[in-house]
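Read the structure below first, then the notes.
Keep in mind that this is a model prediction, so the values were computed, not measured.
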Number of protein chains: 2
Amino acid sequence: MSDSLTFRLLRYIKAAAETLNFTRAAEQVFVAQSSLSSQIGKFEDTVELLLFARLQNGLKLTSAGRIVASFAENTLKEWDQTLAMALAVQRNEVPPLRLGFSSFINAKLLERFRENYEGMFPGCAIQLWSGDPLLCLQRLDARALDCAIIPLPVDATLYNVQQIAQSPLVVCMRSDDVLADRAQLDIHEVAERITIFRDPELHPSAHTRLVEMFKEVGIPIHLACAARTPSEIQWMVKERYGLALIDQLTPLDPGLITRPIAGVNWTADTAFVHASHMDHVALPFIERFFQQTWSASRRSKRPSKTRHPEQLELLG
Amino acid sequence: MSDSLTFRLLRYIKAAAETLNFTRAAEQVFVAQSSLSSQIGKFEDTVELLLFARLQNGLKLTSAGRIVASFAENTLKEWDQTLAMALAVQRNEVPPLRLGFSSFINAKLLERFRENYEGMFPGCAIQLWSGDPLLCLQRLDARALDCAIIPLPVDATLYNVQQIAQSPLVVCMRSDDVLADRAQLDIHEVAERITIFRDPELHPSAHTRLVEMFKEVGIPIHLACAARTPSEIQWMVKERYGLALIDQLTPLDPGLITRPIAGVNWTADTAFVHASHMDHVALPFIERFFQQTWSASRRSKRPSKTRHPEQLELLG
DNA sequence: TGGAGCCATAGACAAAAACTGTGGCGAAAT
DNA sequence: ATTTCGCCACAGTTTTTGTCTATGGCTCCA
């Protein structure tokens with residue numbers, strides 16, 4: 001049963017597991033040694049679980065104790081976060097979530113995120129900060145943003161990165177292009193016509209990766225036009241400056257079409273990113289939310305190979 | 001502070017949040033209405049948090065209350081799982097984890113899994129059941145297995161599926177092959193020589209996907225040799241029956257080499273799978289473990305594009 | 001207007017947890 | 001060998017907390 005368990009007791013267990021010394025653990029939680037001792041003892045009796053082996057040379061965590069202690073630590077941490085968030089929500093003191101995003105991510109992702117955030121924390125504002133990925137990361141560093149949704153790759157040693165979407169890259173062309181009647185294209189036949197790219201300085205590491213991807217298929221990248229927004233890219237395509245690689249899910253201007261590329265499996269990956277300081281009260285929740293929904297969406301939709309990002313759902 | 005919070009109280013809150021009626025909630029947890037009422041009231045006072053709005057037409061969860069209630073539900077569930085596991089561990093009654101695996105997955109994955117499992121639950125046995133993916137799934141259905149590590153794709157509507165590894169597919173050839181001096185191959189120049197495949201009936205859906213992948217690059221698949229194990233595949237290659245696609249991380253027999261394929265990004269994906277009944281006490285923990293390590297491994301190693309599966313680590 | 005349903009409060013009682021003090025036991029020191 | 005110290009367990013007492021019954025107020029509905 002879940003009774004006979006107190007959060008106070010969890011703190012006792014945590015302290016005892018850390019110090020392996022009831023006396024010092026008792027000091028740490030500001031009670032008499034006998035209290036802590038007897039509480040843990042009584043708990044062990046009632047659930048018939050030996051957490052600590054009392055040996056001649058001191059205490060030792062049993063295997064069961066390790067399991068329970070890690071539960072204790074976890075739960076206490078989560079409760080702190082929960083209480084902080086609940087208080088902030090109640091007092092209407094949740095700071096606006098300053099969310100950076102690149103214009104190259106799928107707008108539906110943002111929409112979904114907004115809905116879910118609103119559902120979880122009604123009345124809590126989101127401040128949207130458009131900006132290219134590099135700028136987003138710099139702002140995260142400067143604590144001018146709490147988190148961001150941007151295309152991968154992102155250096156995961158410097159930020160907390162969580163992939164939240166993936167969709168194929170396709171070739172964007174005019175609907176009167178000579179290749180328009182082809183259902184799909186070979187990368188070799190279109191590669192040299194792909195000349196429109198995101199401005200490399202908007203996301204240097206993504207561009208580097210793109211260069212690598214082209215190198216892997218044995219084609220040097222030919223950057224002739226650098227665009228700073230998806231609509232600029234489409235405009236350039238329409239104006240016959242060349243072809244472009246875009247996320248399959250990008251809404252298309254009239255007069256443009258996309259064609260998949262046979263023989264490659266290039267994808268546009270999107271991630272939720274935040275700095276490790278975890279400034280915003282809601283971040284732990286958002287993080288858990290994405291962890292769960294991300295695996296949940298895989299779970300509910302894997303049979304068909306292409307994963308669509310609009311699969312995020314609110315989880316209880 | 002975390003005091004003033006009891007697991008008993010969590011059950012009260014959960015019941016009240018579910019019924020939105022203190023009287024019925026009290027019945028549900030077998031206490032007098034006044035107890036539940038005053039406990040929740042006192043808690044609200046001490047943490048200065050209003051969980052329930054007492055309106056004329058009944059109770060309503062506040063936003064803060066929703067947050068706390070979902071924490072309560074979660075935590076109670078996790079505690080049940082934790083207690084069950086700790087008890088089982090202590091009594092040495094953890095049933096052996098019957099783990100199915102395909103011989104086509106990377107052995108290091110199993111090794112790591114074993115280490116981590118042993119680390120978390122010392123002395124708890126793992127029973128390995130080699131078997132092709134289809135057999136594993138059938139055994140999951142029949143409850144003859146608790147879980148399995150097998151190649152994707154797996155129908156995620158029928159099983160809990162969690163991807164745990166991904167690595168590129170490469171072409172396996174003799175080291176004296178005419179293509180051996182090439183650093184990488186174009187899929188079109190080798191496709192017709194790739195004639196050695198896993199026996200389709202070992203994993204029908206994977207084979208179907210392979211057929212699709214070939215179709216996408218405009219090449220009909222040419223299955224001439226069906227192997228049931230990776231070593232059979234390598235033996236066939238050595239005996240000049242053709243080339244084969246294998247996981248980049250497969251250990252190679254002497255005399256064989258592998259070459260990456262330019263122009264495609266085919267991967268071998270591996271997943272942890274279990275049926276939804278969740279029979280084994282350890283499954284919730286393993287699931288959380290993979291959730292965390294999977295995102296953790298992404299986190300610690302994203303810069304280079306190829307993800308290696310040997311990144312699983314034990315998390316506190 | 002009376003009854004039913006719901007929640008809050010008060011007072012009595014029971015249970016649980018805290019504290020102080022003490023004793024035992026092994027390890028290190030004399 | 002004996003003392004001392006650190007650590008844990010146990011006993012007795014006090015304080016705190018939780019639960020129960022009983023009751024009162026409020027709203028809704030017949």
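Atom CG of B:Leu36 and atom P of C:dT9 are 14 Å apart (whole Å). For A:Gln28 and D:dC7, the CD to C1' distance is 17 Å, given to the nearest whole Å. Here the C1' atom of nucleotide D:dT19 and the CZ atom of B:Phe43 are 19 Å apart, to the nearest Å. Rounded to whole Å, the distance from CZ on B:Arg24 to C1' on C:dA4 is 13 Å. To the nearest angstrom, P of D:dT16 lies 13 Å from NZ of B:Lys42. One can place CG of B:Leu10 at 16 Å from C1' of D:dG18, the figure rounded to the nearest angstrom. Rounded to whole angstrom, the span from the CG atom of A:Leu55 across to the P atom of D:dA9 amounts to 11 Å. We find that CD1 of A:Ile40 is positioned 14 Å from P of D:dC10, with the value rounded to whole Å.
Under 4.0 angstrom from either OP1 or OP2 of D:dC8 there lies no side-chain N or O belonging to A:Ser37. A sub-4.0 Å separation between OP1 or OP2 of C:dA18 and a side-chain N or O of A:Arg8 is present. For D:dC7, the OP1/OP2 oxygens have a side-chain nitrogen or oxygen of A:Asn21 closer than 4.0 Å. At C:dC7, one or more side-chain N or O atoms of B:Thr23 fall inside 4.0 Å of OP1 or OP2 (strictly under the cut-off). Side-chain nitrogen and oxygen atoms of A:Arg54 include at least one within less than 4.0 Å of the OP1 or OP2 phosphate oxygen of D:dA9.
B:Tyr12 comes within 4.0 angstrom of the backbone, heavy atoms only, and of no base. Residue-level contact check: B:Ser35 touches the bases, meaning some heavy atom is under 4.0 Å from a base atom.
Between B:Phe285 and B:Phe121, the ring-plane angle classifies as perpendicular under the 30° and 60° cut-offs. Note: B:Phe272 and B:Phe290 have tilted aromatic rings, judged against thresholds of 30 and 60 degrees for the angle between ring planes. Classification of the A:Phe7-B:Phe71 ring pair by plane angle, with boundaries at 30° and 60°, yields tilted.
Under 4.0 Å is where a charged nitrogen must lie from a carboxylate oxygen, and between B:Arg112 and B:Glu118 no such pair does.
Among C:dA17, D:dC8, C:dC19, the nucleotide with an atom closest to any side-chain atom of A:Gln39 is C:dA17.
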- Message: side chain to side chain contact (heavy atoms under 4.5 Å, CB included), that's the test. Do B:Leu49 and A:Gln90 meet it? Break it down for me.
- Response: CA-CA 7 Å; B:Leu49 206 56; A:Gln90 175 173 66; 3.5 Å; yes
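Side-chain N/O atoms of A:Ser34 and base N/O atoms of C:dT20 include a donor-acceptor pair closer than 3.5 Å.
When the nearest nucleotides of DNA chain D are assigned to B:Ser38 and B:Gln33 by heavy-atom distance, the more 5′-ward of the two goes with B:Ser38.
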